[in-house]
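Right, one structure below, let's go through it.
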Amino acid sequence: MSTLTATRPAVRPAPPSAVALSVALWLGAILAGFAEALVRLATETPPTGSELAGRAGTYLVLAVLVVLLRTGRNGIRWTVVVVLGVLGTLSLVVEPVAALLAGASPAEFLVTASGPELAAAGLRGLHLAEVLGALGLLFHPAARAFFGPDPGA
């Protein structure tokens with residue numbers, strides 16, 4: 001007589017609060033980025049419909065990647081760190097840094113900018129703050145323990 005034994009796959013514990021907050025901040029950053037794109041519709045050089053569609057598709061893929069952080073897979077964490085944390089941060093700061101290097105004045109911008117330009121700048125600032133906070137939380141000791149060695153990779 002044979003005995004069948006069902007083995008349960010190893011289940012990771014629920015994400016610690018540092019990971020849950022990181023996911024929330026990443027999703028907030030994604031929403032701030034999309035809101036910035038929508039606000040730019042009211043500026044002198046609005047994005048085209050295809051640019052908005054491309055951005056929406058990109059943000060959707062990034063949101064799925066961020067939600068996958070809850071699985072505890074270390075490979076997902078490092079993908080988020082590189083794609084959103086490094087490349088995403090660079091994409092947020094390149095334009096303002098280039099303007100500053102070209103001699104633009106932040107004070108003059110604040111005085112001459114339109115309402116939509118100020119709103120877009122504020123959303124970009126919020127976006128950057130959320131990215132930096134989310135990135136830091138992925139390296140909190142509880143998060144490092146949660147991501148630990150990746151058994152599936």
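Because the structure is a prediction, the values reported are computed rather than measured. Residues take their numbers from the sequence shown, with the count starting at 1.
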Side chain to side chain, S105 and V111, heavy atoms closer than 4.5 Å: no
Transitive ILVMFWY side-chain link V80 to V19, under 4.5 Å: yes
Transitive ILVMFWY side-chain link V81 to V66, under 4.5 Å: yes
ILVMFWY network linking V82 to V64, side-chain heavy atoms under 4.5 angstrom: no
Minimum heavy-atom distance A37-P47, with the two atoms named: O-CG, 3.6 Å
For the student: nearest non-hydrogen atoms of A143 and L138, plus distance: CB-O, 3.6 Å
Side-chain heavy atoms of L84 within contact of V131, under 4.5 Å: no
Stepwise side-chain contact (heavy atoms from CB on, under 4.5 Å) test for L65 and V61: CA-CA 6 Å; L65 185 63; V61 169; 5.7 Å; no
Expected output: side-chain T89 to main-chain V86 donor-acceptor under 3.5 Å: no
Straight-line distance of N74 CG to F146 CZ, nearest 0.5 Å: 10.5 Å
Gap separating the CG atom of L38 from the CZ atom of R55, nearest 0.5 angstrom: 9.5 Å
Whether S22 side chain and A18 backbone form a donor-acceptor pair below 3.5 Å: no
Spacing of CG belonging to L110 relative to CG belonging to L118, to within rounding of 0.5 Å: 6.5 Å
T79 versus G75, closest heavy-atom pair with distance: OG1-O, 2.8 Å
For E117, all residues meeting salt bridge (charged side-chain N to carboxylate O under 4.0 Å, His left out), sequence neighbours excluded: none
Heavy-atom check, side chain of E51 versus side chain of P46, under 4.5 Å: no
Same apolar cluster: L123 and L128, side chain cutoff 4.5 Å: no
Atom pair CD/CG of E130 and L31 - distance to nearest 0.5 Å: 8.0 Å
Pairs where residues 59-83 contributes a residue and the test ring-ring contact (aromatic ring centres under 6.0 Å, His included) is met, not counting sequence neighbours: W78-F139
Shared hydrophobic cluster, F109 / L92 (ILVMFWY, side-chain heavy atoms < 4.5 Å): no
Within-4.5 Å side-chain heavy-atom neighbours: L52 and T48: no
Separation between CG of L126 and CD of E36, rounded to the nearest 0.5 Å: 10.5 Å
Side-chain heavy-atom pair R77, L69 within 4.5 angstrom cut-off: yes
Heavy atoms from other residues, nucleotides or ligands near CZ of R124 exceed 12 (cutoff 6.0 Å): yes
4.5 Å side-chain heavy-atom contact, F147 and I76: no
From F34 atom CZ to L62 atom CG, the distance as rounded to the nearest 0.5 Å: 13.0 Å
Closest approach of P16 to A142 (non-hydrogen atoms, all atoms of both residues): CG-O, 3.6 Å
